[in-house]
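These notes are about the structure you will find just below.
All residue numbers refer to positions in the sequence shown, counting from 1. In what follows, every heavy atom counts, from backbone to side chain, and hydrogens, waters and symmetry copies are set aside.
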Amino acid sequence: MGATIGQRLQDVRKRRGLSQRELAAASGVSLSLIRKLEQGERNDTRLETARQLAVALAVPTSSLLAEPEERDEVPAVDRWEGVRHALASKAPSGPEEPPTVAGVRSTLDAAVPLFSGDRYAELSTLLPPLIRDAGALAAEGPDGRAVHARVLQLTGWLLTQTRQFAAAHSALDRSLDSSPDRLHGAATVSTQCWLLLRQGRLGAARELAAEWADEVEPRMSRATVAELSAWGWLLLRLSAASIRDNRPGEAEDSLRLAHAAAVAMGREFTPEKDFLRAFGPVTVTLKRAENAMIADRPDVVLQLAERVPVRGMRPTSNNRNRHLLDVAEAHVRSRQYAEAVDVLQGIRTAAPQWLPNQRYAHDILGRVISRRRTLTPGMRSLADAIGVPM
């Protein structure tokens with residue numbers, strides 16, 4: 001059922017930091033009527049009264065009377081229209097100045113900080129011509145295929161991040177087709193598994209991760225950093241799918257093997273300077289905490305968080321921001337609301353473009369708001385930044 005006028009009124013009032021008595025004084029509506037509306041004793045009111053309340057709260061009257069629309073994804077769809085068109089188009093034949101492997105690789109290297117920094121506006125402009133140029137190199141031997149695969153993998157990762165799932169599947173399928181070797185392929189498959197997880201396709205994610213983990217499992221005695229990273233990430237994807245599929249034993253077995261790979265590496269490494277492949281003991285700890293949150297063990301999440309270094313890691317590397325959302329959720333489940341808000345504020349400072357795209361963050365802050373009678377100015381500002389609906 002949709003929210004009643006009383007529920008909407010209470011939500012907006014708390015967002016504005018007003019008590020019921022203060023709202024009554026500001027609007028001229030009686031305190032008893034406001035209480036009855038918010039307690040569900042009255043489910044309707046005159047339009048004039050609703051307008052008085054809306055004026056006092058500085059919101060449209062319709063926002064109190066009508067069910068608010070769900071958070072719209074049209075801006076995101078519009079933003080990536082050029083990217084989707086580039087993915088669907090064939091590379092132009094016979095360009096006057098054909099792209100070169102060195103040139104496209106150089107452009108891609110310069111763009112990587114935009115991906116790791118979640119700078120969506122710049123990427124929406126840069127990616128369409130980069131995708132087309134990389135596509136023209138797909139038949140230029142292993143080097144051309146490697147650049148093409150890398151561009152499409154990063155594009156698929158970005159589209160998954162912004163919930164453009166159909167386009168993400170297209171980009172990642174083509175990236176896998178162009179992968180020049182099994183390690184590049186494994187990196188793409190890891191991203192495909194994450195895409196399947198975000199879609200709730202747990203069985204498909206488990207099967208794909210398990211198949212490829214078996215395919216790339218190295219001999220530990222002579223494994224390279226790149227091989228350990230590829231294998232470790234597939235094991236982490238398998239563990240993530242398993243814990244969500246209520247297979248805790250399988251999830252723990254996969255984590256144990258991933259930990260073995262991380263120990264063999266000794267510390268965090270980033271093969272070929274690829275932030276998506278950064279792997280090591282800290283990465284495994286972050287994923288162990290994620291599994292603990294899925295298993296409803298907020299105490300374990302907070303214990304593990306103490307072992308994660310605060311400094312020395314890029315804000316968006318190794319899923320650190322995703323881990324911090326788990327920490328915030330653990331605080332909420334432990335009724336430590338101020339601590340949860342502090343964590344969200346820290347993420348907002350570190351990754352202001354990333355945070356509003358995370359539904360997990362919306363849910364966390366929404367629960368904080370629902371469990372507090374009044375909100376601090378900081379909480380109201382955070383709600384505006386994240387986009388929690390009125």
Side-chain angles (χ1 to χ4, degrees), residues 80-162 164 167-192 194-195 212 215-216 218 224-231 233-234 269-279 314 316-317:
W80 305 118
E81 180 179 3
V83 173
R84 294 196 312 276
H85 181 73
L87 289 171
S89 301
K90 294 182 179 180
S93 59
E96 294 181 3
E97 297 183 18
T100 65
V101 172
V104 174
R105 183 185 290 122
S106 177
T107 302
L108 177 59
D109 289 344
V112 167
L114 303 181
F115 286 96
S116 62
D118 305 302
R119 292 164 62 178
Y120 301 147
E122 292 103 319
L123 286 169
S124 65
T125 300
L126 173 67
L127 272 178
L130 184 59
I131 291 169
R132 286 190 285 268
D133 286 351
L137 300 174
E140 297 294 322
D143 289 343
R145 290 200 306 275
V147 171
H148 185 229
R150 177 70 174 136
V151 168
L152 291 176
Q153 186 208 358
L154 281 166
T155 300
W157 174 82
L158 178 69
L159 293 170
T160 301
Q161 182 82 274
T162 53
Q164 307 299 302
H169 274 293
S170 175
L172 293 171
D173 286 345
R174 291 172 59 191
S175 175
L176 188 57
D177 289 342
S178 287
S179 294
D181 56 56
R182 65 174 186 163
L183 292 185
H184 280 81
T188 296
V189 168
S190 174
T191 306
Q192 286 181 316
W194 178 49
L195 169 56
W212 274 78
E215 173 68 22
V216 302
T224 66
V225 169
E227 289 171 336
L228 290 169
S229 170
W231 186 51
W233 264 113
L234 290 166
F269 282 95
T270 307
E272 300 179 16
K273 299 181 180 180
D274 182 353
F275 73 98
L276 292 183
R277 295 162 65 189
F279 182 79
R314 294 177 59 87
T316 53
S317 69

- Task: Measure from the side-chain N and O atoms of Q164 to the backbone N and O of T162, and report whether any donor-acceptor pair falls under 3.5 Å.
- Result: yes
- Message: Quick one, F279 with L228, criterion side-chain contact (heavy atoms from CB on, under 4.5 Å). Give me CA distance, side-chain angles, the key distance, then yes/no.
- Response: CA-CA 8 Å; F279 182 79; L228 290 169; 5.5 Å; no
- Aromatic ring proximity W157/F275, centre distance under 6.0 Å: yes
- Task: Give the C-alpha distance, both sets of side-chain angles, the deciding distance and a yes or no for salt bridge (charged side-chain N to carboxylate O under 4.0 Å, His left out) between R84 and E81.
- Result: CA-CA 5 Å; R84 294 196 312 276; E81 180 179 3; 5.4 Å; no
- Message: So E215 and L234, do their side chains get closer than 4.5 Å, heavy atoms only?
- Response: no
- Spatial distance of atom OG (S178) from atom CG (D173) [nearest 0.5 Å]: 11.5 Å
- Taking side chain as C-beta onward, heavy atoms only, is K273 less than 4.5 Å from D109? no
- Message: I'd like to know whether H148 forms a side-chain contact (heavy atoms from CB on, under 4.5 Å) with R174, so could you lay out the CA-CA distance, the side-chain angles of the two residues, the decisive distance to 0.1 Å, and finally the verdict.
- Response: CA-CA 9 Å; H148 185 229; R174 291 172 59 191; 3.9 Å; yes
- Message: Ignoring hydrogens, what is the shortest heavy-atom contact between R132 and A86? Give both atom names and the distance.
- Response: NH1-CB, 3.7 Å
- Task: Taking all heavy atoms of Q161 and all of Y120, pick out the closest pair and write down the distance.
- Result: CG-OH, 3.4 Å
- Query: Does the side chain of E122 reach to within under 4.5 Å of the side chain of L126, using non-hydrogen atoms?
  - Reply: no
- Message: Are the side chains of L87 and L152 in contact, using a 4.5 Å heavy-atom criterion?
- Response: yes
- Query: Which pair of non-hydrogen atoms, one from S175 and one from A149, has the smallest distance, and what is that distance?
  - Reply: OG-O, 2.7 Å
- Message: Can you tell me how far apart OG1 (T191) and CG (L159) are? Round to the nearest 0.5 Å.
- Response: 11.5 Å
- Query: Do V216 and E227 come within less than 4.5 Å of each other through their side chains, counting heavy atoms only?
  - Reply: no
- Does some side-chain heavy atom of R105 sit less than 4.5 Å from a side-chain heavy atom of D143? yes
- Contact summary for A168 and T160, nearest pair of heavy atoms: CB-OG1, 3.5 Å
- Of the non-hydrogen atoms in P180 and P142, which two are nearest, and what is the gap between them? CB-O, 4.0 Å
- Query: Under 3.5 Å, is there a donor-acceptor pair between the side chain of S89 and the main chain of H85?
  - Reply: yes
- Would you give the length of the straight line joining atom CD of Q153 to atom CG of L172, rounded to the nearest 0.5 angstrom? 7.5 Å
- Please test F115 against L127 for side-chain contact (heavy atoms from CB on, under 4.5 Å), starting from the C-alpha separation and ending with a verdict. CA-CA 11 Å; F115 286 96; L127 272 178; 3.8 Å; yes
- Task: Please examine the side chains of S124 and W80, heavy atoms only from C-beta on, and report whether any two atoms are closer than 4.5 Å.
- Result: yes
- Query: When you check the gap from the basic side-chain N to the acidic O, do D274 and R150 get nearer than 4.0 Å?
  - Reply: yes
- State, with a plain yes or no, whether a side-chain heavy atom of R277 is found less than 4.5 Å away from one of T270. no
- Item | Result of checking L183, T224, V225 against P271 for side-chain contact (heavy atoms from CB on, under 4.5 Å) | V225
- Note on the structure: Closest non-hydrogen atoms of W233 and S190, given as atom of the first, atom of the second and distance, are CB-OG, 3.9 Å
- Task: Report the C-alpha distance between L158 and L154 in whole Å, list the side-chain angles of each, state the deciding distance to 0.1 Å, and finish with yes or no for side-chain contact (heavy atoms from CB on, under 4.5 Å).
- Result: CA-CA 6 Å; L158 178 69; L154 281 166; over 6 Å; no
